Colleague: 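Encoded as structure tokens, here's the structure I'll be asking about.
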Amino acid sequence: MAQANDPTRGRWTSRSIGSRFQHQIFYWLIRWGGRQAAYLLLFPVVGWYVLFRRDVRARSYPYLRRRFPELKGWRLGWGAFKLSLALGKSLVDRAVVGILGPDAMKPKVVGREALLALAEENKGLILMVAHVGCWQGAMSALGFLKRPVSMLMQREAGDVDRHYFEHAGVECPYKIIDPRGFLGGTIEMLDVLKRGEILSVMGDRLLGEDKNGSDVQFLGGSVRMPFSAYKLAATTGAPIAVLLSYKTGPASYSLELFETIRVPRKRGKTDFASDVQQFANALERFCQQHPWQFFNFYDMWAPISEAPVDDNKE
Amino acid sequence: MDTKTKLKTILVEELNLEDVSPEEIADDEILFGEGLELDSLDAVELVVLVQKHFGVEIKDMEEGRPALQTITTLADFIDNKGAA
């Protein structure tokens, strides 16, 4: 499970809670007994963390309190278990795709024709994804677009979580752009779009030293979401496809085009709040439809000047 | 107008730099982080402006990193590309 602190102060991390050895046990179980065997171990592992690690449990609360304000006491704790278990299953599924092959998971693309049409505009295409469903595994379903995909992705040195292609021992099918690189990777991202290729970015968290965030309304409160991708869209004319994944069965996922955002040409440091709000609205719709598949385990709503990480009140 | 002067004018006018005139910008002024304090989004705009005004494309990081340091490095890049 990935730890996450408040990104507005650059303190969240993709580093895992479990050790490399613990992850290896899950990978071994997948090889030996398939997905179900790994799921089975998830129950006691997640249960232990949620019962005995107050800090882990508390990371679910900011979202749960917004999405399910009626949850109090043990029901809130149960919600933390349910949400953490869903994340665990998502990580197992990602490993399953890599270890057992892409056929082990059946991703269905909802809005396939619309996505193809966007890609064929040849202005580049920005896929705006979020920490929901099985975003890593579901990305393996995008081969039909027949265009190179670059992903903006930040990985920590101590991150032992493997991406699905790392399990398979194959070369990464995507070009990774590090947001901590020169000028936040923006020149590389611009280049991807100018070539008419696909750029995948996370729309719900500020990465690296990115301070380009807009305050928007999400689940009844104000959160800060990044707007660099909207600037790229405005500059290149590339459409933004909000693409969110959700688990639909033990071995199936849907990857759905929730929204298409067209950002008009803007110059200078024009505020992109209305465009970011469009994304936030789509993400809120997702949370209403798939409430247990939203995986931001930190207080997105905390004021920037406060430290919200250990809000342990139940 | 030489490339450096034209660049400075574009920076001030099109990136809406406040409290600075083209004449006040030194040739060795650092563009990003310090100096002119441009940020990554300004870089996106600058790359587009360079293409629009000079017809020169900054294609990738290999080209972009050394070029996007100072007014001088960017002007040299534009001149070299333009001459090529």
Side-chain angles (χ1 to χ4, degrees), chain A residues 10 123-124 126 148 150 152 154 175-197 199 201 206-214 225-238 240 263-273 275-276, chain B residues 6-22 25 29-78 80-81:
Chain A
K123 295 174 185 167
I126 298 174
S150 297
L152 186 69
Q154 178 173 329
K175 185 186 171 201
I176 306 288
I177 299 175
D178 190 337
R180 294 164 297 190
F182 181 59
L183 295 172
T186 48
I187 305 298
E188 285 173 273
M189 290 191 273
L190 180 65
D191 193 40
V192 166
L193 296 174
K194 279 160 69 181
R195 289 196 303 263
E197 296 175 1
L199 174 67
V201 297
L206 285 161
L207 296 176
E209 296 301 311
D210 191 359
K211 296 191 173 50
N212 296 309
S214 282
M225 291 181 177
F227 67 75
S228 297
Y230 302 86
K231 172 70 182 176
L232 287 164
T235 305
T236 59
I240 296 176
V263 187
R265 180 85 177 107
K266 297 172 183 178
R267 281 174 54 189
K269 290 170 184 166
T270 312
D271 190 19
F272 291 90
D275 308 293
V276 185
Chain B
K6 193 172 171 185
L7 256 179
K8 291 173 189 176
T9 307
I10 290 167
L11 279 173
V12 171
E13 289 177 0
E14 306 227 23
L15 291 183
N16 301 321
L17 296 188
E18 291 167 0
D19 304 325
V20 65
S21 66
I25 300 174
E29 193 94 58
I30 305 283
L31 294 173
F32 298 97
E34 44 190 297
L36 286 177
E37 297 184 340
L38 302 181
D39 64 18
S40 57
L41 292 188
D42 293 318
V44 171
E45 196 69 34
L46 186 53
V47 168
V48 173
L49 289 172
V50 165
Q51 187 164 7
K52 179 181 157 191
H53 290 277
F54 300 96
V56 169
E57 201 176 353
I58 300 173
K59 281 183 182 161
D60 51 38
M61 289 304 296
E62 219 169 291
E63 289 185 344
R65 189 186 286 270
L68 294 168
Q69 297 297 325
T70 65
I71 294 288
T72 301
T73 58
L74 186 53
D76 287 348
F77 175 80
I78 291 167
N80 289 338
K81 278 278 182 175

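Every value quoted in this text rests on a predicted model; they were computed, and no experiment measured them. Within every chain, numbering begins at 1; the chains are lettered A, B, ... in the order of the sequence lines, protein sequences first and strands thereafter.
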Colleague: The criterion is side-chain contact (heavy atoms from CB on, under 4.5 Å); which residues satisfy it with B/P22, sequence neighbours excluded?
Modeller: B/K8, B/T9, B/V12
Colleague: Suppose we screen for salt bridge (Lys or Arg N to Asp or Glu O under 4.0 Å). Which residues come up paired with A/E188, at least two apart in sequence or across chains?
Modeller: A/K175
Colleague: What is the distance from atom CG of B/L41 to atom CG of A/L232, rounded to the nearest 0.5 Å?
Modeller: 7.5 Å
Colleague: Nearest heavy-atom pair of B/S40 and A/T186: which atoms, and what distance?
Modeller: O-OG1, 3.3 Å
Colleague: Can you name the side-chain contact (heavy atoms from CB on, under 4.5 Å) partners of A/T235, sequence neighbours left out?
Modeller: A/L190, A/K231, A/R265, B/V44, B/E45, B/V48
Colleague: Determine which residues belonging to residues 64-73 of chain B lie within contact range of chain A, meaning some heavy atom pair is under 4.5 Å apart, and list them by number or answer 'none'.
Modeller: B/G64, B/R65, B/L68, B/Q69
Colleague: Return the CG to CD1 distance between B/L46 and A/I187, rounded to the nearest 0.5 Å.
Modeller: 7.5 Å
